[in-house]
Q: 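Can you keep this structure in mind? I'll have questions shortly.
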Amino acid sequence: MSESLRDPVERLSSAVATVARRMAGNDELSPALDPSPRPEMGDYSTNAAMMLAGPLGRPPREIAAELAASIEAELGAALEKTEIAGPGFINLFLGNAWYRQATADMAGTGGATVPPVGDPERIIVEFVSANPTGPLTAASGRHAAYGDALSRLLAESGHQVTTEYYVNDGGTQVENFAASIAARMNGEEPPEDGYQGTYVNELAERARAEGHEADDLERLAVTGVEWMVEGIRGSLENFGVRMDDFFSERSLYEDNLVDRGIARLRAAGHVFEEDGAVWLRTTDFGDDKDRVLIRSTGEVTYFGADVAYHVDKIERGNDRLIDVLGADHHGYVARMAAAIQSLEGDKAEFEAQIMQLIHLVEGGQRTKMSKRAGDIVTLDELTADIGVDAARWFLLQRSHDRTIDLDLDLARSQSSDNPVYYVQYAHARIRSILRKAADEGSGGGDPLAAPVDPSEKLLVAKLLAFPAEVHEAAAKRAPHRICAYATDVAAAFHAFYRDCQVVGAEGDGVEAARVQLCDVTGATIRRSLGLLGISAPDSM
RNA sequence: GCGCCCGUAGCUCAGCUGGAUAGAGCGUUGGUCUACGAAACCAAAGGUCACAGGUUCGAAUCCUGUCGGGCGCGCCA
């Protein structure tokens, strides 16, 4: 890659690293280069001198003076000056031309280019996977928004990603489900551990209309699940979630994958029999007790089937299996991790992301959600209430490992206060300016030579940070960082808009330069929102 | 009892592979539309970063302990 095509920030940071490594005689050293916290501290700052202080046994500020001189020599005209501050930070002050060139570079590529990660992986992200015995809840919506945004982030940072929903279409839950439908068809209450929701009545109605018999539980189970999956698919689609596949638990048996999976565990030597059941010795890999794969009745456990499913994911060529699980499943993680570790031969990294709970607050009261009792707010209701964009933002803006309260009254009544509109508004405003510029703009001159307002510097620095933000958010599995980033970009844009006229701006190349900056800002907001699955409207 | 998550502004939460004066939104108070969108901007008020030790030139961030809250510990799924 030629110097001129590389990321402008990357050029700075490699110059700093080169100089610091030379001085330290250590090629491993990687000093930080971060945007300065305040304008008087320059544009970018490095802690390189402080990192060298220990190894070299000299005061950091003394080292900083030498480093700064070398950095100036290395960077030449791009650099206006350097200053040494605080305990030994070197602050870099960049010239106007650097900012204009950086903006022009980004304009050429629709925003800053995200370089692919050094070690791209094939990753399969499994998320939602809610039982197909009822509609998706708002809590499932959090899983859906998170898993979807995480997948987009991982893909953006250079990984090869597929997404999957595991459909638990076997087992006792489904039997209860079928029994509940049957009871409703007979005009009776569902059984004790059955499903109470009104949607069961609707299913019963539909079953009757399509000629199902209440006593054919087998068939009711299959069709009932089919209908639910149909509905779930629709809800996810409506919510903007890209699911590459819905993987049926039953198909594991039909395709003989359960036997194969358990055979692989057996081959690895950690399977044993006791009390008539088949066990996996997960305690060999850090679990606190061993786990049953096949019950003494001969039935395969949920865990046994799920292990087979995960083995299949590995055999499909994935390097990393990410499961997005609810907090109530975190006890499950150790045994699955153990199962994957116990395998020999073809292996993959298993990683669980635990979602904490979401409490819906209505009328100041937390609503306790239970699917069986039918006491739920569905994802469809939530999106109908506050819209897909607002719902996704609400569900994504907080770290996934934290419990959140979602105040429905607030979301409904004050939805215009939702920060998502702040970001979307900035985008719409930019598009409006660009439309006007296309109509009236006459900006001549060389944009690269135009002066740069302080508010422009802050905005350009934010836009340049996009690749680093994407990589960090992906690496930390933290899409909520993109919400914060998008908000920052919007704020920086609004400040720029306050201080700088765009269309009709005076000065050689100034209008052209600012139009370009608007263009790059719009593209960056669009891409950020895109990662979150949120629309970027041209007007609102 | 053991394990996982969490405790930061009045409220909801960012910041956590250590870095300069700890941030945002909402709420409160006051100010901005004769430049391109006021769904915006500016200013003010508001903090023992749960508590106590420790490591460090430097701790909201790392370690240990305590207190408080949530979740989980099935031949259920």
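What you are looking at is a predicted structure, and each value in this text was computed from that prediction instead of being measured. Labels below follow one simple rule: chain letters A, B, ... track the order of the sequence lines, proteins then strands, and each chain is numbered from 1.
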Q: Which of these nucleotides, G25(B), G70(B), A77(B), is closest to any side-chain atom of P419(A)?
A: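 When the side chain of P419(A) is considered, G25(B) is the closest of G25(B), G70(B), A77(B).
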Q: Take atom C1' in U66(B) and the same atom in A14(B), then report the distance between them in whole Å.
A: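 Rounded to whole Å, the distance is 27 Å.
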Q: Under 3.5 Å, side chain of S399(A) to main-chain N/O of R402(A), donor-acceptor pair present?
A: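 Not confirmed, S399(A) side chain does not pair with R402(A) backbone.
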Q: Do side-chain atoms of Y195(A) reach the backbone of I181(A) as a donor and acceptor pair under 3.5 angstrom?
A: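 Looks like no, no N/O pair under 3.5 Å.
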Q: Distance between the P atoms of A59(B) and U21(B), in whole angstroms?
A: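 Between the two P atoms, the distance is 11 Å.
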Q: For a quick check under 3.5 Å, do T521(A) and T524(A) share a side-chain donor-acceptor pair by atom type?
A: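 Checked: T521(A)/T524(A) side chains show no N/O donor-acceptor pair below 3.5 Å.
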Q: Given A20(B), G72(B), A24(B), which nucleotide is nearest the side-chain atoms of T487(A)?
A: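 Among the listed nucleotides, the one closest to the side chain of T487(A) is A24(B).
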Q: Let's test this: given Watson-Crick or G-U wobble pairing with both distances under 3.5 Å, identify the partner of G37(B).
A: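 In the structure as shown, G37(B) has no Watson-Crick or wobble partner.
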Q: My understanding is that a pair needs two contacts under 3.5 Å, Watson-Crick or G-U wobble. By that rule, which nucleotide pairs with G47(B)?
A: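 Matched G47(B) with nothing under the 3.5 Å cut-off.
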Q: Any donor-acceptor pair under 3.5 Å linking the side chain of D389(A) with the backbone of S535(A)?
A: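 Yes: the side chain of D389(A) pairs with the backbone of S535(A).
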Q: Strictly below 4.0 Å: does K476(A) bring a side-chain N or O up to OP1 or OP2 of C16(B)?
A: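 Affirmative; the distance criterion is met.
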Q: Can you confirm whether more than 12 heavy atoms, excluding those of E218(A), are under 6.0 Å from its CD atom?
A: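 No - once you tally the heavy atoms of other residues, nucleotides and ligands closer than 6.0 Å, there are 12 at most.
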Q: Quantified in whole Å, what is the C1' atom distance between nucleotide G15(B) and nucleotide G72(B)?
A: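 That atom pair is separated by 29 Å.
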Q: Looking for any heavy atom pair under 4.0 Å, which part of the strands does D169(A) touch: base, sugar-phosphate only, or nothing?
A: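 D169(A): no heavy atom of the nucleic acid under 4.0 Å.
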Q: Anything under 3.5 Å between a protein N or O and an N or O of nucleotides 40-42 of chain B, put it in a table, one pair a line.
A:
residue: A40(B); atom: O2'; partner: R429(A); partner atom: NH1; Å: 3.3
residue: C41(B); atom: OP1; partner: Y422(A); partner atom: OH; Å: 2.5
residue: C41(B); atom: O3'; partner: R498(A); partner atom: NH1; Å: 2.8
residue: C42(B); atom: OP1; partner: R498(A); partner atom: NH1; Å: 3.0

Q: Go ahead and name the base partner of G25(B); Watson-Crick or wobble counts if both distances stay under 3.5 Å, otherwise write none.
A: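 Pairing partner, where one exists within any strand: C11(B).
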Q: Nearest-Å distance, NE2 (H359(A)) to C1' (C6(B))?
A: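 Taking atom C1' of C6(B) as the reference, NE2 of H359(A) is at 11 Å.
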Q: Describe the nucleic acid contact of R431(A) in one word from base, sugar-phosphate, nothing, applying a heavy-atom distance below 4.0 Å.
A: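 Since no nucleic acid heavy atom lies under 4.0 Å of R431(A), the category is nothing.
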Q: Measuring from atom CD1 of I430(A) to atom NE2 of H427(A), what distance do you get when rounded to the nearest 0.5 angstrom?
A: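 That separation rounds to 6.5 Å.
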Q: Rounded off to whole Å, could you give me the CG-to-C1' distance for the D34(A) and G15(B) pair?
A: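 In whole Å, G15(B) C1' and D34(A) CG are 13 Å from each other.
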Q: Go ahead and name the base partner of G53(B); Watson-Crick or wobble counts if both distances stay under 3.5 Å, otherwise write none.
A: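 Partner of G53(B): C63(B).
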Q: Of all of residues 42-50 of chain A, which get a heavy atom below 4.0 angstrom from RNA chain B, listed by number?
A: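 Only S45(A), N47(A), M50(A) qualify.
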Q: Throw together a table of side-chain donor-acceptor distances under 3.5 angstrom for residues 303-310 of chain A, partners on residues two or more places apart or in other chains.
A:
residue: D306(A); atom: OD1; partner: H310(A); partner atom: ND1; Å: 3.4
residue: D306(A); atom: OD2; partner: Y332(A); partner atom: OH; Å: 2.8
residue: Y309(A); atom: OH; partner: E164(A); partner atom: OE2; Å: 2.7
residue: H310(A); atom: ND1; partner: D306(A); partner atom: O; Å: 2.8
residue: H310(A); atom: NE2; partner: K313(A); partner atom: NZ; Å: 3.4
residue: H310(A); atom: NE2; partner: D323(A); partner atom: OD1; Å: 3.2
residue: H310(A); atom: NE2; partner: D323(A); partner atom: OD2; Å: 2.7

Q: Just jot down the side-chain hydrogen bond (donor to acceptor under 3.5 Å, both in side chains) partners of D284(A), sequence neighbours excluded, or say none.
A: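 Partners of D284(A) by the side-chain hydrogen bond (donor to acceptor under 3.5 Å, both in side chains) criterion, ordered by chain and then number, come out as H270(A).
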Q: Expressed as a whole number of Å, how far does the P atom of G3(B) sit from that of G65(B)?
A: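 That atom pair is separated by 10 Å.
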Q: Using a 4.0 Å heavy-atom cut-off, does D275(A) contact any base of the nucleic acid, only the sugar-phosphate backbone, or nothing at all?
A: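 Here D275(A) touches the bases of the nucleic acid.
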Q: Please tell me which of the listed nucleotides, C13(B), C36(B), C5(B), lies nearest to the side chain of D401(A)?
A: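 The listed nucleotide nearest to D401(A)'s side chain is C5(B).
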Q: Find every protein N or O atom lying less than 3.5 Å from an N or O atom of nucleotides 7-9 of chain B, and list the pairs.
A:
residue: G7(B); atom: OP1; partner: R402(A); partner atom: NH1; Å: 3.2

Q: As a test of reading the structure: which of C71(B), C36(B), G19(B) is closest to the side chain of I433(A), going by heavy atoms?
A: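 Nearest listed nucleotide: C36(B).
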Q: For F496(A) and A35(B), what is the distance between atoms CZ and C1' respectively, to the nearest whole Å?
A: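 About 13 Å, once rounded to whole Å.
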Q: Tell which nucleotide pairs with G3(B), taking only Watson-Crick or G-U wobble pairs whose two distances are both under 3.5 angstrom.
A: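 The answer is C71(B), by the H-bond criterion.
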Q: Reading RNA chain B from 5' onward, which residue's closest nucleotide shows up sooner: S36(A) or M540(A)?
A: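 The residue mapped nearer the 5' terminus is S36(A).
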Q: Check every strand shown and say whether A505(A) touches a base, only sugar-phosphate, or nothing at a heavy-atom separation below 4.0 Å.
A: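 Result for A505(A) = nothing.
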Q: Could you tell me the separation between the NE2 atom of H329(A) and the P atom of G74(B), rounded to a whole number of Å?
A: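 One finds 14 Å between P of G74(B) and NE2 of H329(A), rounded.
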Q: Pick the closest RNA chain B nucleotide for L434(A) and for F89(A) by heavy atoms, then say which residue is nearer the 5' end.
A: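 Nearest-nucleotide comparison on RNA chain B picks F89(A).
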Q: List in numerical order all residues of residues 288-301 of chain A for which some heavy atom is under 4.0 Å away from an atom belonging to RNA chain B.
A: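 Here the set is K289(A), V292(A), R295(A), S296(A).
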Q: Any idea how F272(A) and W279(A) line up, ring-wise: parallel (<30°), tilted (30 to 60°), or perpendicular (>60°)?
A: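 Parallel: the ring planes of F272(A) and W279(A) meet at under 30°.
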Q: For A60(B) versus U28(B), give the span between their P atoms, rounded off to a whole number of Å.
A: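 Pairwise P distance, A60(B) against U28(B), rounds to 32 Å.
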Q: Do other residues, nucleotides or ligands put more than 12 heavy atoms under 6.0 Å from the CD atom of E274(A)?
A: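 Buried by this count: over 12 neighbours within 6.0 Å.
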Q: Between the main-chain N or O of P39(A) and the side-chain N or O of S36(A), is there a donor-acceptor pair closer than 3.5 Å?
A: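 Answer holds: no.
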Q: Just wondering, do S45(A) and D34(A) contact through their side chains at under 4.5 Å, heavy atoms?
A: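 With C-beta onward as the side chain, the pair stays apart.
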Q: When you measure from the side chain of S129(A) to the backbone of Y165(A), do you find a donor-acceptor pair of N or O atoms at a distance under 3.5 Å?
A: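 Pair absent, no side-chain N/O of S129(A) close to backbone of Y165(A).
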Q: Using atom types as modelled and distance alone, determine if a side-chain donor or acceptor of R142(A) lies under 3.5 Å from a backbone N or O of L357(A).
A: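 The answer is yes, because a donor-acceptor pair under 3.5 Å joins these two groups.
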Q: Using the C1' atoms only, state how far C49(B) lies from U32(B), rounded to an integer number of Å.
A: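 34 Å, rounded to whole Å.
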Q: May I ask you to say what A327(A) touches in the nucleic acid, namely base, sugar-phosphate or nothing, with a heavy-atom cut-off under 4.0 Å?
A: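 Sugar-phosphate contact only - A327(A) comes under 4.0 Å of backbone atoms but never of a base.
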Q: According to the Watson-Crick and G-U wobble definitions, with both distances under 3.5 Å, which nucleotide is paired to C76(B)?
A: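 Its partner: none found.
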Q: Roughly how far, to the nearest 0.5 Å, is OG of S180(A) from OH of Y199(A)?
A: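 These two atoms lie 7.5 Å from each other.
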Q: Mind calculating the distance between CG (D287(A)) and P (C2(B)) to the nearest angstrom?
A: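 So the two atoms are 18 Å apart, to the nearest Å.
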Q: When you compare the side chain of P132(A) with that of F177(A), does any pair of heavy atoms fall below 4.5 Å?
A: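 Not in contact.
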Q: Suppose you measure atom C1' in G54(B) against the same atom in U61(B); what distance do you get, rounded to whole Å?
A: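 Taking atom C1' in both G54(B) and U61(B), they lie 15 Å apart.
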Q: How should the glycosidic conformation of C33(B) be described, syn or anti, under the criterion that syn lies within 90° of 0?
A: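 C33(B): syn glycosidic orientation.
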Q: For the residue pair R429(A) and F493(A), would you count it as a cation-pi contact if the rule is NZ or CZ under 6.0 angstrom from the ring centre and within 45 degrees of the ring axis?
A: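 Ring-cation test returns no.
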Q: For the pair made of CD1 in I404(A) and P in G25(B), what is the distance, rounded to whole Å?
A: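 Atom-to-atom, I404(A) to G25(B), this comes out as 19 Å.
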Q: Could you please name the option among G15(B), A77(B), G37(B) that lies closest to any side-chain atom of R481(A)?
A: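 Of all the options, the side chain of R481(A) is nearest to G15(B).
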Q: Base, sugar-phosphate, or nothing: which does H480(A) touch, judged by heavy atoms less than 4.0 Å apart?
A: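 Sugar-phosphate contact only.
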Q: Expressed as a whole number of Å, how far does the P atom of G10(B) sit from that of C6(B)?
A: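 Those two atoms are separated by 22 Å.
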